[in-house]
Protein chains: 2
Amino acid sequence: MEVRRRDIHNSDIPIVCRACEARHGGVCGTLTPEQLTELNKHSTRHRLETGAEVIGQGETIVNYSNIMRGVVKLTKVMADGRQQIVGLQFAPDFLGRPFLEESAITAEAATESEVCNFPRPVLDRLMKKTPELEHKLHRQALKELDEARDWMLTLGRKTAQEKVASFLYLIATHIDPESVDMSTFDLPLSRADIADFLGLTIETVSRQFTKLRKENVIRIENNRHVIVPDMDRLMRYASAD
Amino acid sequence: MEVRRRDIHNSDIPIVCRACEARHGGVCGTLTPEQLTELNKHSTRHRLETGAEVIGQGETIVNYSNIMRGVVKLTKVMADGRQQIVGLQFAPDFLGRPFLEESAITAEAATESEVCNFPRPVLDRLMKKTPELEHKLHRQALKELDEARDWMLTLGRKTAQEKVASFLYLIATHIDPESVDMSTFDLPLSRADIADFLGLTIETVSRQFTKLRKENVIRIENNRHVIVPDMDRLMRYASAD
DNA sequence: GCCGCCATTTGATTTTGATCAAGTGAAAGC
DNA sequence: GCTTTCACTTGATCAAAATCAAATGGCGGC
């Protein structure tokens with residue numbers, strides 16, 4: 001049984017949006033072709049080098065973004081430099097904090113990435129007019145909240161080994177939503193970033209990688225490429241459910 | 001200059017809602033008197049003993065709630081019993097997870113509390129009809145997300161002493177939004193709960209309380225009543241900004 | 001191919017917080 | 001009034017992860 005799409009002709013949709021809209025279910029998915037065309041007039045695409053900042057902690061939010069490709073890390077920094085990654089966003093996630101003047105976090109490309117930027121007032125106006133859009137953003141916020149709370153359990157109660165296994169499991173299941181085979185992937189984060197995500201030091205992260213490798217839970221090539229022979233086994237090491 | 005309220009006569013609002021609506025800005029605040037009356041027809045108020053469960057991890061969500069009085073803790077439990085409190089909700093917070101079948105967390109009264117329950121379908125229907133209501137819930141979700149991320153920094157990067165000081169600061173600033181004087185309050189959590197919130201053991205929490213007491217950052221009476229002579233000093237101990 | 005740089009790993013030692021084990025003290029029950 | 005109980009505190013020891021300190025290894029530039 002074929003389900004007919006509601007949004008009429010693909011040709012009504014801006015060219016740059018087509019590939020994106022077709023592949024994923026980003027926030028633009030709820031918009032009519034007209035709204036998409038209007039939004040697209042003001043939106044700009046950007047390629048981000050690894051480490052490029054989308055927005056900094058304490059800065060005024062003038063743009064929202066959609067991640068088209070790559071991984072963006074959300075970090076919080078303390079006055080003395082201690083750092084914690086509080087979220088990882090993957091394509092096609094929405095990036096931004098509606099209803100707040102300034103950003104409480106820094107958003108920074110963890111890998112070479114591509115984003116689509118919308119001027120804040122344009123999307124805010126569109127949100128007021130289109131309850132469906134706010135609904136979509138509401139869902140995304142709740143998804144991020146669920147993820148944040150899952151991670152709080154990891155940060156507060158798991159051992160270093162469980163933390164590292166949990167991280168690998170998270171990446172395996174999120175890095176490529178297209179792929180059916182999650183057992184081989186490239187890590188989007190350096191050891192330093194992984195440490196900041198897990199609330200550990202680089203050295204502890206490295207030692208746990210070595211330990212998981214020696215116990216044949218994972219194989220590692222070139223420090224970044226990971227192969228998981230048995231995903232369930234990794235999950236058990238992560239004490240995940 | 002007096003600001004005239006938009007919502008006509010107070011007498012149009014259900015009696016049980018008046019005190020609540022007047023005191024705080026809960027989710028009901030956006031509803032018209034008619035909608036409030038309609039919602040109130042289906043809503044039920046409950047007194048919760050300390051420890052009473054509002055909903056359990058993995059259970060089907062059949063109700064949403066509003067906290068009228070008291071503190072509710074949100075917890076996650078691992079298969080082996082390790083536990084983490086992933087959120088504290090204070091009156092007049094909304095309690096519930098829209099758009100999801102079952103709850104990923106347990107919600108449980110941390111103190112003797114009072115909640116107002118709404119059958120899920122009633123509020124879901126109202127949300128579809130009233131974008132302002134979804135907007136309010138969206139805002140609440142984002143607030144909880146901000147709080148969760150703040151806490152991730154605490155869990156991942158702060159020392160035991162900073163964690164305990166951060167907890168005290170959090171309670172001081174949240175327990176009684178009415179009060180101007182935040183320097184004296186009762187702890188809504190037992191030492192065991194505080195440990196589960198901070199990712200520590202009871203013993204470590206206790207030792208840090210003793211240390212803060214000896215350094216005159218706080219005074220403690222009857223294990224639960226706390227006096228903070230200098231809030232800025234506590235904040236510095238928390239490494240908060 | 002060799003050099004230098006930087007990320008990562010590995011090793012030795014220290015520190016922080018966990019664990020194990022008694023105490024203390026306040027409130028409830030007999 | 002005395003015991004029992006339970007939450008909390010305090011003390012001694014242990015273990016996990018941090019810190020300090022080198023080594024290793026991959027990669028781009030020359």
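Residue numbers start from 1 in every chain, and the chains themselves are labelled A, B, ... in the order their sequence lines are given, proteins ahead of strands. No experiment lies behind these values; they were computed from the predicted model shown.
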Counting only heavy atoms and a strict 4.0 angstrom limit, can you tell me which residues of residues 200-210 of chain B come near DNA chain C?
B:L200, B:T201, B:E203, B:T204, B:R207

Proximity to DNA chain C (any heavy atom under 4.0 Å), residues of residues 150-170 of chain A only:
none

Run the salt-bridge test on [X] and [Y] with the 4.0 Å N-O cut-off and return the result as yes or no.
X	Y	value
B:E108	B:K73	yes
B:R191	B:E203	no
A:R69	A:E112	yes
A:E162	B:R82	yes

Min and max contacting nt of DNA chain C in 5' to 3' order, chain B heavy atoms within under 4.0 angstrom, are C:dG17 to C:dC20

Axial bend angle, the helix from C:dG1-D:dC30 to C:dC30-D:dG1: five-pair end segments, nearest 10°
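The angle separating the two end axes equals 30°.
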
Provide, to the nearest angstrom, the distance between the CZ atom belonging to A:R213 and the P atom belonging to D:dG25.
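Distance check: A:R213 CZ to D:dG25 P gives 11 Å.
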
List the residues meeting ring-ring contact (aromatic ring centres under 6.0 Å, His included) with B:Y169, not counting sequence neighbours, and say none if there are none.
none

Aromatic rings A:W151 and A:F197: how do their planes relate, parallel, tilted or perpendicular, breaks at 30° and 60°?
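If you compare the ring of A:W151 with that of A:F197, the planes turn out parallel.
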
Check: A:H138 ring centre within less than 6.0 Å of B:F99 ring centre
yes

For DNA chain D, what residues of residues 219-228 of chain A have any heavy atom nearer than 4.0 Å?
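DNA chain D contact set from residues 219-228 of chain A: none.
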
Can you name the nearest heavy-atom pair linking B:V217 to B:P229, along with the distance?
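Smallest interatomic distance, heavy atoms only, reads O-CD, 3.2 Å.
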
